[in-house]
Every structure is written in structure tokens, then in C-alpha cells.
Protein chains: 2
Amino acid sequence: MRPTKRGELLQKALKAFYRNGFNATGMDKLVAETGISKTSMYKHFRTKEDLILAVLRLRDEQFRNWLYRRMEALADTPRERLIAMFDALEEWFAEPEYKGCLFIKASSEFQDASHPIHKQSADHKRLLESHVTDLAEKAGLADPGGLARQLLLLKEGAIVTAHLGHTETPAQDAKVAALRLLKAHAG
Amino acid sequence: MRPTKRGELLQKALKAFYRNGFNATGMDKLVAETGISKTSMYKHFRTKEDLILAVLRLRDEQFRNWLYRRMEALADTPRERLIAMFDALEEWFAEPEYKGCLFIKASSEFQDASHPIHKQSADHKRLLESHVTDLAEKAGLADPGGLARQLLLLKEGAIVTAHLGHTETPAQDAKVAALRLLKAHAG
DNA sequence: ATCAAAGTGAACCGATCGGTAAACTTTGAG
DNA sequence: CTCAAAGTTTACCGATCGGTTCACTTTGAT
């Protein structure tokens, strides 16, 4: 009952979609890269869209888990952990396979706001926002919601800037800005 | 000698790519939407990639022109114009056809940093950076380069956040943050 | 009036797209 | 051992992909 093949497919599909994009990665290419038969894929997922949605769910869990744990590991207080988010981002950007944010890509290839893939990408961002807002609250900072939104603008900006590659130190720039914004919200 | 058809093709292709994405917009769809024959398209552009590069050049000119003029119209001093960038963004986000930044989309569909389309998208961002740095210099603000990079992180963040649609007021949030960053760089 | 440049429509190319069908093999729990 | 679930290979479907070819028409300057 262990979904060995299904999980394996999801993980490998995630990598393939992340490397090549969604529209640019056909099901036949997925067969070639995963070694899993197309028939088997379509037994687990009725359509490519369903596969993509499942991949995004996996990535959401994977990414939030990683980011939250990294923020906890790098700092001890809620306030410091907010700042540590940008150190974690810097680690991510430094990975050789870094290719930006999968959810931004997804919303960019499935643009209609009513599209399930677009909606699910927005959900991921909402979860991040509520976590950062919580942290800002626990840190006793003023207007935690507003501060969280500002910090996340810096995060998203750093993510696309790091991918575009026209700037050298997006994570550090974002961190410097974040420190100043935190000061302005000091309790 | 006026490139009537060529220009018309570029403008309509720009709209089509912006609405539907690059990979998702085939040449046949372009024929259908522009009313221009495929033969004629391939007389002006050797490949789809060439077409896309020309579309991005057009968009670069169009967008920077619009943004710079809007920033000039909305405020009188360099310092105020830096802030006015976020008012201009808010106007852009409010357009019903708003679908994010074409260059972010392009770099997301053509991910390899060495790909001409990716490079050209990075060039666009570089031009914006140098303009904003100039403004920060003219405003007599400290560390104009660093400040410009921070403001542009907010801008890129607001652009993707406005497209994801999970937040109500990305432009205003970015503006509030920008005001605080400007204060920290006061001369 | 002429002639080349620019544009057109339609058919066509091999490759790939998302998805299906059929017949067969592997595997693990009762 | 048995039997169903899960996985496999292979071939196939109509549609679309980027791109080409060919025969023809429109247009504007000389």
C-alpha cells in the first residue's frame, strides 16, 4: 500500500517541472526521465493538470518545511527568525540547481486567477504570509500583518531577482532592508 | 518603407504572449489572432525565438518609457519620484488585463541564464536599476546603489504578488516600506 | 505600364502534444 | 497457491508544434 511509485513519480516530476517548466515538459519526457510508464502515470493521475497540482502540493509541504526549520535553526527569537529568513533564502539561491520559485512559475504559465493551479499557488503564498505574521506577532512588533507583507515583498523580489541574475546579492540586500523595516516596527 | 505589418505583428504578438505565455502561444495561434500570414511572419523573423526577442525589445522600450514618464508626472523631486514609482505600479496592477511582468515570465519559461531570452530579460532589469540608482543619487541619498536595489526588490515583489493575487494592496505595502527605507538613507 | 517588394492562402513536413487501448508481467497479502 | 492490484510495453489517436514550400495577389515607386 506504500505509494512507492506514486511518490517516486511526484519527486521526479517535481524536478523535471522545476528544471524545464510545466508546458515545456511533456508526458513523454516525464516517461523518459522517470522511467515510469505513461500508463502507470495515468493510473495515478487522471490528467497532467492533476499531476501538476499534486507536484505543487508536494513542493508546498517540502518548501515550507525546509524554510521554517531553517529559520528556527538559524536564530532563537521570533524577531531574529524573521531576519534569518533571508539567510535561508541566500542558502537556497546558492544552490547550483536554483531556478526560482515553482509557484511563481506555475502562476506565470497558468495565468488565469480562476485556474486551479494558479489558485493553489496563491494558497502557498498565503500560508507563508500567515506564518510570518505569527512570527511578527510573537516578536511583539507593531502592525504584524503589514510588516509581514512587507517582508514577503522583499522575499518574492529577492527570489525573482536571484533567478534573473542581474544583481549579485539579492538576499543580502533584502536582509538589510528587512532589518530597517523591523526597526520601524519596534515594539 | 514604414514597417507597418512588422510593427503590427510585434504589438499583437506582445499582447498574445502576455495573455497566454510564450510556449503556450503557437505560431498558428498568432496567425489566427493577428490576421497576418505565417509566411509573412517568417519573412520578418527567422524563428519564433527571434520574434520573442523583438517583442521583448518592444516591451522594454514601452514599459520603461511609461514608468519613467509616470514617475515624472506624479512628482517633482527625485526623492518623491522614487516613491511615485509605487503609485505608478498601483495604476498598472489595477488594469484589468494585468498579468504580471513579461520579463519575469520570459525568464521563467526560458530558464537557462545563458539563453538569449533570459539574458535580454536581465538586461531590462539592469536598465531599470541604473535609472533608479541615478534618481537616488540625484536625491542626495546615502548608498544610492544599495537603496535602488532594495526599492527594486520591493517592486519585483509587488509585481509577482499582485499577479498571484493572494494579497490586497501590494503596491501600497511596497510604498510604505519604500518610505521607511528612504528615511534610513536620508542625506 | 512595369517590376520588385511585400503579403497571402493552403498544403505540407517530421516531431511532439495529452491521452487511450490492449495484452502481458510482477508482486504481495489472504 | 491464488488472485487482484499495480506495473509494464507497444502501438495508436487526433491535435498541435515550429517551420517550409509554392503559386498567387497586392501595392507603390519609377
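Letters A, B, ... mirror the listed sequences (proteins, then strands); counts begin at 1.
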Could you identify which residues of residues 24-38 of chain A place a heavy atom less than 4.0 Å from some atom of DNA chain D, listed by residue number, or say none? A/Gly35, A/Ile36, A/Ser37
One pair to check against side chain to side chain contact (heavy atoms under 4.5 Å, CB included): A/Phe22 and B/Asn23. What are the steps and the verdict? CA-CA 10 Å; A/Phe22 296 96; B/Asn23 281 320; over 6 Å; no
Looking at C/dT8, I'd like to know if its phosphate oxygens (OP1 or OP2) sit under 4.0 Å from a side-chain N or O belonging to B/Thr39. no
Would you sort out whether A/Arg79 and A/Leu141 count as a side chain to side chain contact (heavy atoms under 4.5 Å, CB included), showing the intermediate values? CA-CA 8 Å; A/Arg79 188 198 160 99; A/Leu141 295 162; 4.0 Å; yes
Does a salt bridge link B/Glu109 with B/Lys105, judged by any charged N lying under 4.0 Å from a carboxylate O? no
Is there a side-chain polar atom (N or O) of A/Lys48 under 4.0 Å from OP1 or OP2 of C/dG18? yes
Can you measure A/Tyr42 atom OH to D/dT8 atom P for me and round it to whole angstrom units? 15 Å
Please report, rounded to the nearest Å, how far the P atom of D/dT8 is from the CZ atom of A/Arg6. 15 Å
Assess the side chains of B/His185 and A/Arg180: does a donor N or O sit below 3.5 Å from an acceptor N or O? yes
Salt bridge flag under 4.0 Å for residues B/Arg19 and B/Glu97: no
Between B/Glu49 (CD) and D/dG19 (C1'), how many Å, whole number? 14 Å
Short N-O contact, B/Glu33 and B/Lys15, less than 4.0 angstrom: no
Can a side chain N or O of B/His44 be found less than 4.0 Å away from OP1 or OP2 on C/dG7? yes
I want to confirm an ordering. Mapping A/Lys43 and A/Phe22 to their closest nucleotides on DNA chain C, which one lands closer to the 5' end? A/Phe22
